[in-house]
Amino acid sequence: MIYFLTFVLLFLPVLKYDLLAKTGGENKWYYFNLIVLILLAGLRYRVGGDTLMYMAMFDGCPDLSDLKYFDFEVAQYNPLWYIFNAVCKTICDEFFFFQLIHATIVNISFFSFFRKYCPKYYFSAVLLYYIGYYCYFNMEILREILAICLLLYSTRFLLNKNYICYYAVSLFAVFIHYSALVMFLFPLMFIFVKKVSWKQQILIFIIIFILSFLVNIPILLLSMLSLDEQLMLIVERYIENERNIFGMLALILQYLPILGLIYLREKFQITTTMRFIPIVGCVVYVYAFSLNLAGLNRFVNYFVPFILIYIVDTVYYILAYIKPKFTYSYIAFIFTLFLLNFNYIYYYVKDMSSVLPNTRFYSIFYPYHSVLFPQRDEHREQFIENYREVIINF
């Protein structure tokens with residue numbers, strides 16, 4: 001019920017300001033919804049799969065006074081993650097405080113990013129973020145999302161071609177999570193990708209898919225990354241898992257809405273939000289390589305904020321300036337929106353009975369319990385325990 005109520009609170013400003021073009025009170029709604037999303041994630045109690053893991057780890061983390069004795073070389077995670085935990089733990093030795101600080105950083109980063117780069121329809125961008133990624137970003141990938149927040153912060157350096165500052169922030173992000181290495185490629189996207197077409201996207205997708213069968217990409221990756229033993233072990237873990245046909249189809253379904261938007265922008269000659277086209281256009285490489293290298297699709301997380309703005313801008317442009325006709329282009333528009341919503345819904349409702357009978361994936365996030373009224377959900381606890389064993393033994 002609390003998730004639905006939050007959806008309503010986020011939808012009301014979308015209806016008033018984005019759809020009906022009313023004015024007045026935008027700031028109040030902006031900060032009200034920001035506070036709502038911070039508190040929803042910050043005050044949760046044992047909600048989220050990785051949350052439970054980090055919650056158990058928090059007790060053993062050092063505070064700032066003990067940090068000088070901590071052996072970072074043998075630690076499981078990157079150094080800045082432990083430093084972040086230590087700062088929070090020094091202020092308040094309760095995990096809910098850590099959650100509150102974490103949720104504050106994440107949601108302020110996303111709200112600010114949307115308001116800066118999608119100023120006309122930022123309420124819609126926030127709503128899309130909530131529907132598709134809020135639970136995942138705030139309650140699952142707690143380490144990686146902090147690196148993504150640094151990417152959002154450094155976008156201004158990227159767009160202004162201030163690469164020294166951009167790479168400094170990127171290096172900082174790597175010390176939180178190794179996946180932030182993908183940030184080092186973003187400037188190259190702006191250098192080499194000036195224009196994106198849907199035919200080009202399909203061609204790239206096919207070529208990379210075929211190439212991945214001809215070239216031993218895992219060995220190539222390991223040879224490039226072998227200087228860091230811990231990083232090499234992480235890469236090995238990801239690339240050893242091969243995708244089955246259903247995993248490939250699911251990945252293609254995730255990419256199709258992006259391809260559909262690129263087609264529509266080309267068909268209707270939409271020239272707005274051009275600044276992020278190189279980033280959106282390059283996500284095809286991640287999806288294509290991920291077809292055979294399970295785990296690489298995690299890099300898509302770094303593209304998501306830009307894709308959300310791309311989606312909002314494209315949809316509103318078509319609704320505002322393109323006369324609705326049942327042409328092939330308009331059918332493609334409807335189909336793209338359908339696939340987009342299908343992917344969002346499927347993430348939550350996919351059947352996980354192989355892990356625990358009569359279980360859907362949303363059980364990680366639902367039912368919601370708060371630290372104000374703490375309560376363990378035994379079904380969720382058992383599912384997450386089983387799910388971790390499946391992943392470890394995979």
Under the 6.0 Å and 45° cation-pi test, does Arg115 pair with Tyr30? yes
Cationic tip of Lys22 above Tyr17 ring, under 6.0 Å, 45° of axis: no
Measuring from atom CG of Asp59 to atom CD of Glu94, what distance do you get when rounded to the nearest 0.5 angstrom?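 CD of Glu94 is found 9.0 Å from CG of Asp59.
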Find the distance between CD1 (Ile35) and CG (Leu9) and round it off to the nearest 0.5 Å. 12.5 Å
Suppose the criterion is side-chain hydrogen bond (donor to acceptor under 3.5 Å, both in side chains): which pairs have a residue in residues 120-134, not counting sequence neighbours? Asp18-Ser124, Asn107-Tyr129, Ser124-Tyr316, Tyr129-Asn138
Tell me which donor-acceptor pairs under 3.5 Å the side chains of residues 143-150 have, and how far apart each pair is, sequence neighbours excluded?
residue	atom	partner	partner atom	Å
Arg143	NE	Tyr54	OH	3.0
Glu144	OE1	Arg298	NE	3.0
Glu144	OE1	Arg298	NH2	2.7
Glu144	OE1	Asn301	ND2	3.0
Glu144	OE2	Ser179	OG	3.0

May I ask you to decide if [Y]'s main-chain N or O and [X]'s side chain share a donor-acceptor pair within less than 3.5 Å?
X: Tyr310; Y: Ile277; result: no
X: Ser370; Y: Leu43; result: yes
X: Ser112; Y: Phe110; result: no

Can you tell me if [atom1] on [X] sees more than 12 non-hydrogen neighbours from other groups inside 6.0 Å?
X: Ile164; atom1: CD1; value: no
X: Asn358; atom1: CG; value: no
X: Phe172; atom1: CZ; value: no
X: Phe58; atom1: CZ; value: yes

side-chain hydrogen bond (donor to acceptor under 3.5 Å, both in side chains) between Gln201 and Tyr255: does it pass, once the steps are laid out? CA-CA 11 Å; Gln201 291 277 297; Tyr255 173 67; 2.5 Å; yes
Do the ring centers of [X] and [Y] come within less than 6.0 Å of each other?
X: Phe113; Y: Phe306; value: yes
X: Phe186; Y: Phe190; value: no
X: Tyr348; Y: Tyr362; value: no

Worked check of side chain to side chain contact (heavy atoms under 4.5 Å, CB included) between Tyr45 and Tyr368: CA-CA 8 Å; Tyr45 180 74; Tyr368 177 88; over 6 Å; no
For the residue pair Trp81 and Tyr77, does the interplanar ring angle fall in the parallel (under 30°), tilted (30 to 60°) or perpendicular (over 60°) class?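 The rings of Trp81 and Tyr77 stand perpendicular, inter-plane angle above 60°.
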Begin with the C-alpha distance, continue with both residues' side-chain angles, and end with the deciding distance and a verdict on side chain to side chain contact (heavy atoms under 4.5 Å, CB included) for Lys89 and Phe98. CA-CA 7 Å; Lys89 193 170 185 179; Phe98 166 87; over 6 Å; no
